[in-house]
*Asks:* 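The following block contains the structure, expressed as structure tokens.
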Amino acid sequence: MRIATWNVNSVRARGERIAAWLQRSDVDVAAVQETKCRDDQFPTQLFTDLGYEVAHHGLSQWNGVAVLSRVGLEDVQVGFPGQPGWGDPEAPEARALGAVCGGVRVWSLYVPNGREIDDPHYAYKLRWLEALRAYGAERLAEDPQAGIALCGDFNVAPQDDDVWDMAEFEGSTHVTKPERDAFTSVVEAGFTEVVRPYAPGPGVYTYWDYKQLSFPKRKGMRIDFVLASPALAARVSGALIDREERKGKGASDHAPVMVDLDGGAEDESAAADSAGLAGA
DNA sequence: ATGGTTGAATGTCAA
């Protein structure tokens with residue numbers, strides 16, 4: 001089974017490109033962020049026509065998260081318990097959506113950007129990551145064998161090599177110790193980042209700003225991740241960052257990140273077929 | 001080409 005995460009930066013501006021990518025890449029489950037639309041604006045049919053079930057949560061033109069799956073989509077959760085809110089009155093934004101797909105609880109997460117270190121959004125970002133850690137820890141305490149994937153745009157570059165030049169990030173968000181500590185806390189709660197071992201840096205990124213020719217100049221950031229629970233991490237057989245998808249007219253500013261899993265219902269059925277053939 | 005973004009409530013914010 002292949003699962004993926006991608007900040008698409010508007011599902012309406014990029015629908016055809018997303019559909020082409022799903023098919024080309026043989027994606028079974030996609031966690032999508034920044035759909036930038038309400039539920040009633042989501043181009044559901046584009047994906048159901050390709051055999052995917054769709055769950056979307058969008059409240060406005062900002063944020064918006066979705067899960068697309070062709071291996072079943074059950075138990076949809078809008079937001080997670082304890083997810084911090086924003087605004088007045090304070091309310092959760094459309095930044096988290098979970099569903100069980102092919103036996104794995106897949107979360108599409110869009111961590112707040114943080115903007116500037118002295119902006120209230122920065123403290124909001126840290127609260128949000130802490131709440132995610134607490135929720136993840138709780139789920140694993142309840143079921144240590146659970147297959148959980150925390151997929152998304154974390155808006156944190158955990159290591160110095162995850163940005164093109166640390167000197168250019170002096171005083172900036174995404175690389176501060178509190179943000180990195182918050183990310184590490186989620187990992188230490190039991191969620192291994194499974195992409196990096198198969199796509200090591202330096203110079204390997206998932207996001208390049210549209211401005212200043214960042215992509216051709218290779219000035220990117222690694223901020224999109226798949227964090228897997230122990231049982232799920234044990235099934236990972238590969239991962240890749242689809243840098244090609246960042247190229248050309250109409251690209252998102254993020255690249256898709258894909259993870260391949262061994263086992264699960266499909267592989268068991270294939271193994272049974274193989275055994276049957278061998279015996280024939 | 002010596003510069004250079006894109007997408008969303010069309011006006012200005014967000015990333």
Side-chain angles (χ1 to χ4, degrees), chain A residues 5-21 31-44 46 56-66 84-88 90-97 108-129 151-158 162-165 168-176 179 182-183 205-225 241-257:
Chain A
T5 185
W6 190 13
N7 179 323
V8 298
N9 185 22
S10 172
V11 71
R12 288 177 292 169
R14 217 143 352 260
E16 294 294 343
R17 197 158 170 150
I18 297 165
W21 163 76
V32 171
Q33 301 86 40
E34 275 211 274
T35 59
K36 287 187 166 177
C37 68
R38 299 183 307 267
D39 292 348
D40 63 283
Q41 299 170 306
F42 191 89
T44 302
L46 190 56
H56 176 252
H57 175 49
L59 298 170
S60 69
Q61 74 274 40
W62 305 124
N63 314 310
V65 280
W86 182 257
D88 185 18
E90 201 169 277
E93 297 180 303
R95 294 182 177 276
L97 184 76
S108 180
L109 304 169
Y110 181 40
V111 177
N113 175 283
R115 302 190 184 185
E116 306 292 333
I117 292 170
D118 59 1
D119 190 295
H121 286 87
Y122 178 78
Y124 172 47
K125 176 182 194 172
L126 296 179
R127 282 199 303 278
W128 210 96
L129 284 164
C151 307
D153 177 358
F154 284 75
N155 269 315
V156 177
D162 295 337
V163 298
W164 74 93
D165 181 3
E168 296 211 29
F169 282 79
E170 187 131 352
S172 298
T173 59
H174 293 65
V175 299
T176 66
E179 289 166 284
F183 181 87
Y205 309 122
T206 66
Y207 162 85
W208 300 259
D209 199 296
Y210 286 125
K211 292 180 276 192
Q212 307 297 125
L213 294 180
S214 297
F215 183 65
K217 289 181 175 175
R218 301 182 177 272
K219 293 185 172 183
M221 304 169 70
R222 187 198 293 252
I223 56 176
D224 301 272
F225 300 99
I241 299 166
D242 186 2
R243 189 177 182 280
E244 292 301 304
E245 181 52 45
R246 179 61 179 81
K247 295 181 178 178
K249 185 173 161 60
S252 169
D253 43 2
H254 293 252
V257 177

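Chain naming here is simple, since letters A, B, ... match the order of the sequence lines and numbering starts at 1 in each. Bear in mind the structure is a predicted one, so any value in this text is a computation, not a measurement. Quick note: numbers below take in every heavy atom, side chains included, and nothing from hydrogens, waters or symmetry partners.
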*Asks:* Just jot down the ring pair (Phe, Tyr, Trp, His ring centres under 6.0 Å) partners of A:Tyr210, sequence neighbours excluded, or say none.
*Replies:* none
*Asks:* State whether the number of non-hydrogen atoms from other residues, nucleotides or ligands found under 6.0 Å of A:Glu170 atom CD is greater than 12.
*Replies:*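 Atom CD in A:Glu170 is not crowded, with 12 or fewer foreign heavy atoms closer than 6.0 Å.
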*Asks:* In terms of the angle between their ring planes, are A:Phe225 and A:Phe183 parallel, tilted or perpendicular, with boundaries placed at 30° and 60°?
*Replies:* tilted
*Asks:* Once the angle between the rings of A:Phe215 and A:Trp208 is folded into 0 to 90°, is it parallel (under 30°), tilted (30 to 60°) or perpendicular (over 60°)?
*Replies:* perpendicular
*Asks:* Applying ring pair (Phe, Tyr, Trp, His ring centres under 6.0 Å), can you list everything that pairs with A:His57, at least two apart in sequence or on another chain?
*Replies:* none
*Asks:* At under 4.0 Å between heavy atoms, what does A:Arg14 touch on the DNA or RNA strands: base, sugar-phosphate, or nothing?
*Replies:* sugar-phosphate
*Asks:* Check every strand shown and say whether A:Phe215 touches a base, only sugar-phosphate, or nothing at a heavy-atom separation below 4.0 Å.
*Replies:*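 Answer is nothing: A:Phe215 stays at 4.0 Å or more from every strand.
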*Asks:* Could you work out the separation of B:dC13 and B:dA9 based on their C1' atoms and round it to a whole Å?
*Replies:* 10 Å
*Asks:* At a heavy-atom distance below 4.0 Å, which nucleotide of DNA chain B is the first touched by chain A, and which is the last?
*Replies:*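 Result: B:dG4 to B:dA15.
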*Asks:* Starting at the 5' end of DNA chain B, which residue's closest nucleotide do you reach first, A:Asp209 or A:Asp253?
*Replies:*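 Residue closer to the 5' terminus by nearest nucleotide: A:Asp209.
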*Asks:* So, applying side chain to side chain donor-acceptor pair (under 3.5 Å) with A:Asn7, which one of A:Thr35, A:Asp253, A:Asp153 is it?
*Replies:* A:Asp153
*Asks:* By nearest nucleotide on DNA chain B, pick out whichever of A:Leu213 and A:Ala13 is the more 5' one.
*Replies:*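 Between the two, 5'-proximity favours A:Leu213.
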*Asks:* Heavy atoms under 4.0 Å, any strand shown: does A:Lys217 hit a base, just sugar-phosphate, or nothing?
*Replies:* base
